[in-house]
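Notes for the one structure printed next.
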Amino acid sequence: MALATVIAGGYTATYNAVSMGQQEDGFRLRMSAAKEEIRSNTYGDSVIDSVYRGGNVFLTSVFIERDSVLFKSAASPLNPYGTAMGNMGLVGRLDFNLAQSIVMTAIPSLSAAASIGTLTATNAIIDQNLSTEIAMANRASFLPLTFRLYPYYSSEVKWFAVT
């Protein structure tokens with residue numbers, strides 16, 4: 001009898017229906033709730049309740065294939081505002097209109113496939129706080145990226161869907 005249920009297994013992923021290549025250690029899904037704290041003078045500076053006001057979701061990974069869609073595609077997630085790496089593109093554009101889908105699919109026959117077989121984030125775009133480095137050297141290029149997942153409406157408001 002197992003002592004615990006451990007979920008393990010890798011995922012393949014696409015951005016705008018194009019393979020994102022290999023990752024160093026899979027993906028990390030980070031979710032945070034936004035809350036407005038309510039304080040009462042009666043209790044000094046103590047928070048006595050909070051109002052839930054949505055939240056934010058991010059998907060992070062370290063990619064290891066420099067010649068993948070992340071770099072060479074005209075629709076590169078690294079440069080959603082221009083047409084090629086190094087081009088500034090048009091300023092003043094809204095991210096939501098440029099965001100693309102990320103679809104992660106669990107590798108079959110591993111325990112992850114039985115837990116979350118597919119994760120689909122309909123509106124993903126490179127996070128505004130990302131500052132990354134691209135190694136131009138005689139060693140492996142590791143590219144850490146963080147995507148912001150914008151919410152969307154599909155029978156209810158959601159950041160992503162899982163099956």
Might you point out which heavy atoms bring Tyr15 and Met20 nearest each other, and give the distance in Å? N-CG, 3.6 Å
All pairs passing salt bridge (charged side-chain N to carboxylate O under 4.0 Å, His left out) where residues 152-163 contributes a residue, at least two apart: none
Does the side chain of Phe147 come within less than 4.5 Å of Gln100's, by heavy atoms? no
Val162-Tyr152 co-clustered via ILVMFWY side chain contacts under 4.5 Å: no
Between Ser61 (side chain) and Gly26 (backbone), is there a donor-acceptor pair under 3.5 Å? yes
Tell me every residue that passes salt bridge (Lys or Arg N to Asp or Glu O under 4.0 Å) with Asp45, counting only those two or more places apart in sequence or in another chain. Arg39
Starting at CG of Leu98, measure out to CG of Asn16 and round the result to the nearest 0.5 Å. 11.0 Å
Applying salt bridge (charged side-chain N to carboxylate O under 4.0 Å, His left out) as the test, list every pair that has at least one member in residues 11-27; sequence neighbours left out. Asp25-Arg28
Heavy-atom side-chain contact between Leu29 and Phe160 under 4.5 Å: yes
So which atom in Gln23 and which in Tyr11 form the shortest heavy-atom distance, rounded to 0.1 Å? OE1-O, 3.5 Å
So salt bridge (charged side-chain N to carboxylate O under 4.0 Å, His left out) across residues 115-132, not counting sequence neighbours, yields Asp127-Arg148
Among Ile, Leu, Val, Met, Phe, Trp and Tyr joined by side-chain contacts under 4.5 Å, find the other residues sharing a cluster with Met88 and list them by chain and number. Val91
Are Val62 and Phe58 connected in the hydrophobic side-chain network, where two residues link if heavy atoms are under 4.5 Å apart? no
Partners passing side-chain contact (heavy atoms from CB on, under 4.5 Å) against Thr118 (at least two apart in sequence or in another chain): Val103, Thr105, Thr120, Thr163
What is the minimum heavy-atom distance between Pro151 and Val157, and which atoms define it? CB-CG1, 3.9 Å
Below 4.5 Å, heavy atoms only, C-beta onward: do Asp95 and Gln128 meet side chain to side chain? no
side-chain contact (heavy atoms from CB on, under 4.5 Å) filter on Leu90, not counting sequence neighbours, yields Arg93
Could you tell me which non-hydrogen atom of Phe27 sits nearest to which non-hydrogen atom of Phe63, and how far apart they are? CE2-CZ, 4.0 Å
Would you say the side chain of Asn129 lies within less than 4.5 Å of the side chain of Thr146, judging by non-hydrogen atoms? no
Residues at least two apart in sequence or cross-chain that pass side-chain contact (heavy atoms from CB on, under 4.5 Å) with Tyr52, listed by chain then number, are Ala33, Trp159
Results of side-chain contact (heavy atoms from CB on, under 4.5 Å) for Ile48 - residues two or more places apart only: Ile38, Ser40, Tyr43
